[in-house]
Number of protein chains: 2
Amino acid sequence: MALEHAILVSLLEKPGSGYELARRFERSIGYFWTATHQQIYRVLKRMESDGWVDVRDVAQYGRPDKKEYSVAGPGRAALAAWLNEATEPESVRHDLAVKVRGAAFGDPAALISEVERHRQAHTDRLAHYLAGETRDFGEPPAHGPLDAERELQHVVLRGGIAYERMMIAWLDDVLATLAGFDAGR
Amino acid sequence: MALEHAILVSLLEKPGSGYELARRFERSIGYFWTATHQQIYRVLKRMESDGWVDVRDVAQYGRPDKKEYSVAGPGRAALAAWLNEATEPESVRHDLAVKVRGAAFGDPAALISEVERHRQAHTDRLAHYLAGETRDFGEPPAHGPLDAERELQHVVLRGGIAYERMMIAWLDDVLATLAGFDAGR
DNA sequence: TCCTCCTATGCACCTCGTTGCATAGCAACG
DNA sequence: CGTTGCTATGCAACGAGGTGCATAGGAGGA
């Protein structure tokens with residue numbers, strides 16, 4: 001389980017509340033690790049009782065108070081230990097691939113609109129990534145070329161961009177294959 | 001949940017026992033949808049009681065008897081319904097991406113061997129895919145160019161190949177980034 | 001003969017993840 | 001003043017998924 005480690009990384013990048021973490025998991029972090037607010041609150045409780053994070057009540061004006069979490073020593077140690085631990089690549093799960101193979105036993109042409117829907121979703125996400133790259137990494141950093149945090153965030157984003165481009169190209173391949181059945185009928 | 005649909009597709013391609021399905025999920029199907037034998041047996045029971053599949057006891061010599069499952073009418077209908085249903089892209093989970101961003105708060109160089117391990121795994125899998133492609137799709141099919149089942153299996157395999165190539169290229173990008181910190185120190 | 005391995009099926013338990021719901025403060029709008 | 005909507009936290013229940021273990025037939029080797 002890497003959710004607790006993903007939370008540690010996010011809190012090291014910037015301390016915040018459960019609610020703020022949940023919103024980060026809808027954007028940057030969530031592009032390669034998803035979590036709902038329920039999971040996050042539950043795991044934060046456990047991490048707090050394990051001494052991995054510290055909590056601080058923060059009064060806010062114009063909105064409800066919040067609990068701001070930050071990483072404590074044992075949390076840092078746990079993250080360091082996990083980084084040195086060998087983990088297997090996460091299992092891939094593409095329901096669309098199941099559908100494509102299943103289309104052989106139904107109407108392949110009926111799948112075209114579904115594939116196009118997925119293609120659109122990946123195109124949108126790619127545009128979003130590219131906009132984020134220009135915004136956050138377009139200019140060389142003011143504090144020298146060796147800011148590890150920034151460089152590593154950028155290489156992860158480049159991974160997301162490569163993934164979306166690969167998916168769009170593959171979905172075009174799928175569409176061409178499906179169109180071939182139509183034409184050849 | 002697509003496990004039941006993945007099982008339906010696999011049984012339509014070829015009827016078999018839970019044990020055989022489990023081994024298929026370790027190879028072809030398992031490249032884009034994973035499942036343990038426990039999940040498979042459990043779901044097969046449910047599918048049987050729902051009338052999605054038929055069972056046939058098969059006596060074997062030199063090994064224990066087995067139950068051979070095949071898809072029944074309601075199962076076919078359920079698959080067709082699912083194919084016409086809009087599903088969201090599965091959420092991606094790359095623990096390595098979490099590690100890469102986490103490396104900013106530890107020793108980036110310590111991550112190199114872990115990244116290289118993953119790169120090797122993806123290289124191995126790519127070689128396996130390419131061998132399978134040559135074996136299964138190298139020759140044009142004897143029964144005409146419009147065998148939908150074969151064509152669709154091939155396009156899914158091409159997706160796997162594209163994924164592995166993308167991952168290898170990205171891992172090289174990560175390694176170059178990590179090496180940059182070492183050199184610049 | 002015993003040990004190990006492969007085929008084949010299954011139970012019990014536990015964790016992870018999701019859904020639905022509840023509560024509560026405050027802002028903005030009609 | 002009521003409704004809607006955003007911030008913020010949390011409980012309860014359920015289903016999916018994974019680990020460990022158990023059983024059982026037969027093959028093959030030490």
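Convention: sequence-line order gives letters A, B, ...; per-chain numbering from 1.
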Spacing of [X] atom [atom1] relative to [N] atom [atom2], expressed in whole Å:
| X | N | atom1 | atom2 | result |
| --- | --- | --- | --- | --- |
| B:K66 | D:dG26 | NZ | P | 16 Å |
| A:K45 | D:dA12 | NZ | P | 12 Å |
| B:H37 | C:dC6 | NE2 | P | 15 Å |
| B:R46 | D:dA16 | CZ | C1' | 9 Å |
| A:D57 | D:dT9 | CG | P | 10 Å |
| B:Y41 | D:dG18 | OH | P | 16 Å |
| A:R56 | D:dA8 | CZ | C1' | 16 Å |
| B:I40 | C:dT7 | CD1 | P | 15 Å |

Quiz item: Rounded to the nearest 0.5 Å, how far apart are CG of B:L44 and NZ of B:K67?
Solution: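 The distance works out to 9.5 Å.
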
Is it the case that the base of [N] and the side chain of [X] share a donor-acceptor contact (distance under 3.5 Å, atom types as modelled)?
| X | N | value |
| --- | --- | --- |
| A:R93 | D:dG17 | no |
| A:R63 | D:dT9 | no |
| A:Q38 | D:dG10 | yes |
| B:R42 | D:dG18 | yes |

Quiz item: Are A:V58 and A:Y19 connected in the hydrophobic side-chain network, where two residues link if heavy atoms are under 4.5 Å apart?
Solution: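 Different clusters: A:V58 never reaches A:Y19 through Ile, Leu, Val, Met, Phe, Trp or Tyr contacts under 4.5 Å.
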
Practice problem: Looking only at side-chain atoms of A:Q60, point me to the closest of D:dA8, C:dT19, C:dA8. | Solution: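 Comparing D:dA8, C:dT19, C:dA8 against the side chain of A:Q60, the answer is D:dA8.
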
Practice problem: Just compare D:dT7, D:dG18, C:dT9 and give me whichever is closest to any side-chain atom of B:S17. | Solution: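 Of the options given, the side chain of B:S17 lies nearest C:dT9.
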
Taking only the side-chain nitrogens and oxygens of [X], find out if one of them lies under 4.0 Å from OP1 or OP2 of [N].
| X | N | value |
| --- | --- | --- |
| A:Y19 | D:dT9 | no |
| A:Q39 | C:dC16 | no |
| A:K67 | D:dG10 | yes |

Quiz item: Which sits closer to the 5' end of DNA chain C, B:Y69 or B:R23, going by the nucleotide each is nearest to?
Solution: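 Looking at DNA chain C, the more 5' nearest nucleotide goes with B:R23.
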
Quiz prompt | First encountered from the 5' end of DNA chain C, between A:W33 and A:G62 | solution =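 Counting from the 5' end, the first nearest nucleotide belongs to A:W33.
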
Quiz item: If you find the nucleotide of DNA chain D closest to A:E20 and the one closest to B:A35, which residue's nucleotide is nearer the 5' end?
Solution: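 That would be A:E20.
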
Quiz item: With A:Y31, which of A:R125, A:H128, A:E26 fulfils side-chain hydrogen bond (donor to acceptor under 3.5 Å, both in side chains)?
Solution: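 Exactly one pass, corresponding to A:H128.
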
Quiz item: Using 30° and 60° as the class limits, which term best fits the ring planes of B:H94 and B:Y163: parallel, tilted or perpendicular?
Solution: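 B:H94 and B:Y163: parallel rings.
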
Self-check item: Closest non-hydrogen atom pair, B:Q60 against B:D65
Solution: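 That closest heavy-atom pairing would be N-OD1, 3.1 Å.
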
